[in-house]
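Predicted model only: the values in this text are computed from it and were never measured. Values below: all heavy atoms of this structure, side chains included; hydrogens, waters and symmetry mates excluded.
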Amino acid sequence: MHRLNVYCNHVYEKYNILPIALTICVRSVRAGVCGKFTDGPEADYMKTSPSDSWAKDHVIMTSSTITGYFEKHGRNSSDRNLSPLAALGYVLMEQKCSIFGLQYKEDPTVMLMYAVAKEALDHSIQDHESTVDTLVSMAKETQNQFKRILKRRTILGKGPKLGERRNLIYGNMPA
């Protein structure tokens, strides 16, 4: 809450207007804080919280407000789309890596958010796979070089004995 207060103060200093703050709680909220929430006129999946001159309004979504929204509007009703803001809160609170584990996976806003996330992360996933492939290739080449070195030393009669050679190739140092 302190950080939100600071952000809102920055907005006020820059634009000389009090912002409307939205908080989406992805984890549990302390009971003392929840006791300060009141029903707001905006939407039944949000509550309002005191903003004490640092914001025009402070609306908050928690798992209990989202659950209440689903119960009121029929959680199992797949023919009704979620409100876009409720869908945003739902996706963030569920914290699923895949859309397939979500109950509302067919909601247009939920599908859009997962499509945007996939597109945004595709580049970093490809970079990671490329790095792993490069490291594996380097490790294989290094192992081949060590095998050639050991073979050359053995041919010259300066190499380790067979048992010691096996230990060196597979990373075990002789005692």
**Student:** Apply side-chain contact (heavy atoms from CB on, under 4.5 Å) to residues L4 and H58 and explain how you reach the verdict.
**Tutor:** CA-CA 10 Å; L4 178 62; H58 178 212; 3.4 Å; yes

**Student:** List in chain and number order the residues that pass salt bridge (charged side-chain N to carboxylate O under 4.0 Å, His left out) with R3, two or more places apart in sequence or in another chain; answer none if no residue qualifies.
**Tutor:**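 Here no residue qualifies.
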
**Student:** Check the hydrophobic clustering (I, L, V, M, F, W, Y; side-chain heavy atoms under 4.5 Å; chains of links allowed) and say if M111 and L85 are grouped together.
**Tutor:**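 Yes, it is one cluster - the side chains of M111 and L85 are joined through contacts under 4.5 Å.
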
**Student:** Could you report the tightest heavy-atom contact between L18 and S53, atom names first, then the distance?
**Tutor:** CD2-O, 3.7 Å

**Student:** Any side-chain to backbone donor/acceptor pair from Y45 onto S83? Under 3.5 Å, distance only.
**Tutor:** no

**Student:** Report the distance from atom CE of M46 to atom OG1 of T23, rounding to the nearest 0.5 Å.
**Tutor:**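 Going from CE on M46 over to OG1 on T23, the span is 11.0 Å.
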
**Student:** Given 3.5 Å as the limit, does a donor-acceptor pair link the side chain of T67 with the main chain of S63, or not?
**Tutor:**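 Indeed, once roles are kept as given, a pair shorter than 3.5 Å links the two residues.
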
**Student:** Would you check if the side chain of S51 reaches a backbone N or O of W54 as a donor-acceptor pair within less than 3.5 Å?
**Tutor:**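 No.
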
**Student:** Kindly indicate, with the supporting measurements, whether the criterion side-chain contact (heavy atoms from CB on, under 4.5 Å) is fulfilled by Y90 and L102.
**Tutor:** CA-CA 9 Å; Y90 168 70; L102 297 175; 3.6 Å; yes

**Student:** Can you hop from I24 to V11 via hydrophobic side chains spaced under 4.5 Å?
**Tutor:**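 I24 and V11: separate clusters.
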
**Student:** What about L88 and V26, same hydrophobic cluster or not, with Ile/Leu/Val/Met/Phe/Trp/Tyr joined at side-chain heavy-atom distances under 4.5 Å?
**Tutor:**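 Yes, it is one cluster - the side chains of L88 and V26 are joined through contacts under 4.5 Å.
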
**Student:** Does Y114 OH have over 12 foreign heavy atoms under 6.0 Å away?
**Tutor:** yes

**Student:** Between OG1 of T142 and NZ of K147, what distance do you get to the nearest 0.5 Å?
**Tutor:** 12.0 Å

**Student:** Under the salt bridge (charged side-chain N to carboxylate O under 4.0 Å, His left out) test, which residues partner E13, sequence neighbours left out?
**Tutor:** none

**Student:** For atom NZ of K56, decide whether the heavy atoms of other residues, nucleotides or ligands shown that lie under 6.0 angstrom number more than 12.
**Tutor:** no

**Student:** Please check if the number of heavy atoms outside L135 that lie under 6.0 Å from its CG is greater than 12.
**Tutor:**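 Enclosed: over 12 neighbouring heavy atoms sit under 6.0 Å from CG of L135.
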
**Student:** Is there a side-chain contact (heavy atoms from CB on, under 4.5 Å) between Y69 and L82? Walk through the geometry before answering.
**Tutor:** CA-CA 10 Å; Y69 170 76; L82 299 175; 3.9 Å; yes

**Student:** Do V110 and F70 share a hydrophobic cluster, counting only Ile, Leu, Val, Met, Phe, Trp and Tyr and linking them when any side-chain heavy atoms are less than 4.5 Å apart?
**Tutor:**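 Same cluster.
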
**Student:** Can you tell me how far CZ of F146 sits from CD of E141, rounded to the nearest 0.5 angstrom?
**Tutor:** 11.5 Å

**Student:** Rounded at 0.5 Å granularity, tell me how far CD1 in I66 sits from CE in M61.
**Tutor:** 5.0 Å

**Student:** Return the CD1 to SG distance between I20 and C8, rounded to the nearest 0.5 Å.
**Tutor:** 10.5 Å

**Student:** As an exercise, state the distance from CZ of R148 to CG of N144, rounded to the nearest 0.5 Å.
**Tutor:** 6.0 Å

**Student:** Do M113 and L92 share a hydrophobic cluster (ILVMFWY, side-chain heavy atoms under 4.5 Å, transitive)?
**Tutor:** yes

